Amino acid sequence: MQRLWDTHFQLLILLYLLGDVISQVNPGVCRYPLGMSGGQIHDEDISASSQWSESTAARYGRLDSEEGDGAWCPEITVEPDSLKEFLQIDLRSLYFITLVGTQGRHAGGIGNEFTQMYKIKYSRDGSRWISWRNRQGNEVIDGNRNAYDIVLKDLEPPIIARFVRFMPVSDHSMNVCMRVELYGCEWLDGLVSYNAPAGEQMNLDGEPVQLSDSVYDGAVIHSMTEGLGQLTDGLCGPDDFTHRNYVWPGYEWVGWTNESFPSGYVEIMFEFDRVRNFTTMKVHCNNMFTRHVKAFRQVVCYFRSDVHWEATPLSFSPLMDDVDPRARYVTVSLANHMASAIKCQFYFADTWMMFSEITFQSDTAMYNTTLAPPKTGGGPPTSTDPGDDPTHKVDDSNTRILIGCLVAIIFILVAIIIIILWRQVWQKMLEKASRRMLDDELTASLSIQSETFTYTNTNPPCSTVPSELESSSTYERIFPLGPDYQEPSRLIRKLPEFTEEASLASTAVAATATKAPVATVAQDGVPHYAEADIVYLQGVTGGNTYAVPALTMDLLSGKDVAVEEFPRKLLTFKEKLGEGQFGEVHLCEAEDMQGFIDKDFSFDISDNQPVLVAVKMLRADANKNARNDFLKEIKIMSRLKDPNIVRLLAVCICSDPFCMITEYMENGDLNQFLCRHEPEGQLALISKAPTVSYSNLCYMATQIASGMRYLSSLNFVHRDLATRNCLVGKSCTIKIADFGMSRNLYSGDYYRIQGRAVLPIRWMSWESILLGKFTTASDVWAFGVTLWETLTFCKEQPYSQLTDEQVIENTGEFFRDQKRQIYLPQPALCPDSVYKIMMSCWRRNAKERPSFQQIHHALLQSQD
Ligand code: AMP
């Protein structure tokens with residue numbers, strides 16, 4: 001669809017370039033996207049009253065674009081009756097705007113903010129702002145019902161403006177975000193305003209016929225000043241003005257009676273954007289002589305290009321028509337007068353004179369009947385004999401050129417359309433073919449790049465790994481910047497039941513009390529910041545897929561990494577250590593391990609002794625995705641070398657089952673480890689449970705901070721820091737692990753949306769949940785929670801008193817920051833100084849959170 005619009009836009013431009021053959025504006029045709037989605041409107045021309053963050057700035061308010069955090073969002077919630085916030089577009093010149101489109105913030109499923117209602121203000125000069133109203137006088141436009149669907153609204157009447165503002169409106173306090181597009185075409189008439197006597201009311205057989213200019217956007221007192229209205233709205237009145245087409249009979253017409261004009265004429269002054277070379281003026285006149293209405297009998301026009309009016313006016317008298325009562329365009333030649341203002345006196349031919357449109361052709365723009373808007377009455381172009389009309393002579397002289405140009409244009413257009421269609425079909429075929437190829441080759445191509453692994457002569461490269469080994473581009477093509485995070489949400493969007501329920505939820509937020517999760521939210525009438533996500537929560541079970549951390553370019557480019565293929569036969573199974581998403585983790589004895597691993601890593605055993613290693617195996621029935629994720633985790637881990645990061649020693653990926661061999665951590669993961677232990681004290685003495693001293697807890701926390709400091713120095717975002725993902729070795733040593741997957745055992749810690757994605761929401765910062773933003777600062781937030789877990793001995797889940805839905809609700813409170821957010825409480829063992837560190841990790845402003853360097857330092861100091 002978008003492409004089609006773009007094509008239209010290009011064709012329009014082509015029309016301009018080729019012949020400048022332009023008619024007066026036709027609202028039925030003038031519906032081209034003006035460049036929010038296509039990018040023709042530049043970032044600097046999009047501004048806003050405020051922005052909630054840099055990533056939701058005005059420039060991200062482009063329809064159908066997912067840039068930034070997915071939309072423009074104002075800084076604060078929109079309150080009823082407050083019209084403070086707006087998204088403004090500067091089109092740089094005047095445009096005739098017939099349609100607007102809006103969309104909310106979807107951000108691949110993470111966002112759920114949209115604008116249910118909005119108003120539009122516009123300006124032609126940037127200083128006088130006019131509120132748009134529809135033909136019934138209503139200002140409010142119905143907006144979106146969900147965050148992703150585009151809602152298009154016809155602007156009736158259309159707008160002629162350079163600046164347009166979208167102003168979100170709400171009947172309750174609400175977080176809103178917008179993406180918008182304007183549709184229309186350039187306003188070639190250049191008319192900025194017309195001043196005319198106010199239209200009058202006709203009494204027709206006792207019935208009033210209102211002939212005022214009801215959409216005039218200037219001031220109307222006795223006369224109309226500084227505005228545009230019905231004479232430029234592109235709507236031609238019907239032959240029979242008593243016929244009701246729109247709001248009331250006579251609505252399309254602006255009319256005057258000669259009784260109010262002793263001079264015998266109505267004077268209308270037209271102001272233009274610049275000095276123009278005028279060829280013609282076309283006036284759409286009613287000619288229902290049976291009702292004493294006729295086109296004007298004479299027009300006298302004065303021209304002004306600076307401050308003074310030219311002394312000699314131009315005069316033109318069309319032939320009167322007492323035979324044909326149809327409405328018609330009367331074309332007046334303006335004989336190439338240069339002017340920025342024209343003042344015309346239209347002389348009455350009968351009691352009434354009625355106009356519905358007045359258009360101007362200037363410079364190289366010419367009137368072209370084939371492109372003209374359809375006339376409601378279908379009347380002749382003028383009331384005069386073409387042979388006598390000087391205007392028609394002008395038209396006739398150009399007819400041949402025009403026809404020639406048109407034929408040429410049609411040929412070129414047809415050729416262009418054929419080329420475009422052909423290209424699109426061809427592209428689709430190519431895409432399909434390459435997708436099929438990628439699918440087939442996904443298994444190995446995703447993970448292993450030539451620089452990822454080096455092979456010694458004794459261990460030649462695996463023959464099972466296809467040729468993509470040499471290519472690093474395949475990886476990026478399939479996974480551009482964290483797509484795993486978005487993919488599930490895109491699926492949510494496609495699910496029909498989601499679409500249906502989402503619209504239900506948004507239309508009746510307050511009425512969703514039957515859905516337990518949102519009931520609490522709906523009560524105060526404030527929609528939740530991520531309301532649809534809450535509605536579609538499902539129970540969490542095992543076997544979930546999980547968002548894999550995005551690889552950073554730093555890591556991908558590392559050339560000094562070497563992980564060797566290890567001969568499977570040298571591994572001897574000892575026992576099962578646990579089970580994760582990929583499969584089982586075994587404790588194994590490995591022979592000759594030292595010969596396969598980095599020289600900088602040594603086991604504390606004598607040479608040639610078998611060493612204990614943990615072997616993570618990919619289950620035999622793993623699908624392509626799991627194999628890819630497994631290889632991805634290998635790739636990540638192979639580049640991480642730090643005393644507090646679990647070390648990948650070698651791999652077995654030449655044959656199935658894939659294995660990763662890591663150092664063995666005797667005490668398993670920190671969560672289980674702490675669950676088995678008690679704090680030192682009387683209780684532990686009585687229960688005889690093993691204990692961990694406070695200083696050891698601090699020591700462990702400090703090591704986690706140190707490992708994270710290393711990761712953050714690589715710009716690596718872990719995304720899933722928690723005690724369950726830290727391993728405990730001898731003497732309370734800690735190493736951070738799990739660079740990719742959740743595990744069954746802890747599935748309760750993850751939150752599943754539509755059964756597709758699981759997110760560790762209790763460890764996630766508010767911006768990760770609401771905006772899908774994962775940064776080192778969001779890792780810092782997770783560290784605060786991990787520290788809390790550690791000091792509570794993992795005896796309970798974070799926010800255990802809250803349901804998953806309430807945790808997300810609480811996230812909304814963090815966003816709103818109205819002091820209603822709930823923080824994790826200070827653990828009994830936790831001194832104030834350490835709780836202060838924890839709290840600093842949960843600061844709303846990510847920039848105000850400490851770095852891991854600072855946390856590490858502060859924890860070291862707290863132990864003194
Ligand atoms: P994972 O698949 O990484 O989630 O691991 C599943 C479980 O296996 C963990 O919860 C640990 O209890 C255990 N485990 C994993 N890696 C190791 C290791 N290197 N040393 C000791 N136990 C491990």
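All ligand and atom numbering here is 1-based and tracks the order in the structure. Note that this is a predicted model, so its numbers are computed, not measured.
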Novice: So does Met839 get a backbone contact from the side chain of Arg843, meaning a donor-acceptor N/O pair under 3.5 Å?
Specialist: no

Novice: Looking only at distances, please establish whether an N/O atom of ligand 1 is found under 3.5 Å from an N/O atom of Glu579.
Specialist: no

Novice: Short N/O distance, under 3.5 Å, between Arg724 and ligand 1?
Specialist: no

Novice: Counting from 1, what ligand 1 atoms have a heavy atom of Lys616 closer than 4.0 Å?
Specialist: 1 (P), 2 (O), 3 (O)

Novice: Below 4.0 Å, non-hydrogen atoms only: which portion of Asp738 touches ligand 1? Side chain, backbone, both or neither.
Specialist: side chain

Novice: Does the structure place the NZ or CZ of Arg844 under 6.0 Å from the centre of the six-membered ring of Trp766, at an angle of no more than 45° from the ring's axis?
Specialist: yes

Novice: How are the rings of Phe852 and Phe783 set to each other: parallel, tilted or perpendicular (split at 30° and 60°)?
Specialist: perpendicular

Novice: Is the ring centre of Phe814 less than 6.0 Å from the ring centre of Trp781?
Specialist: yes

Novice: Hey, which atoms in ligand 1 end up nearer than 4.0 Å to a heavy atom of Leu577?
Specialist: 21 (C), 22 (N)

Novice: Please confirm whether Tyr664 comes within less than 3.5 Å of ligand 1 when only nitrogen or oxygen atoms on both sides are compared.
Specialist: no

Novice: Taking N or O atoms only and a 3.5 Å limit, does Met665 qualify as a polar contact for ligand 1?
Specialist: yes

Novice: Look at Arg724 together with Glu789 and state whether they make a salt bridge at an N to O cut-off of under 4.0 Å.
Specialist: no

Novice: Looking at Thr662, which atoms of ligand 1 are within less than 4.0 Å of one of its heavy atoms?
Specialist: 19 (N)

Novice: Mind checking whether Phe793 and Phe673 have ring centres under 6.0 Å apart?
Specialist: no

Novice: Just going by heavy-atom distances, which of Val728, Asp669, Leu670 is nearest to atom 12 (O) of ligand 1?
Specialist: Asp669

Novice: Any Lys/Arg nitrogen of Asp738 or Arg719 sitting under 4.0 Å from an Asp/Glu carboxylate oxygen of the other?
Specialist: no

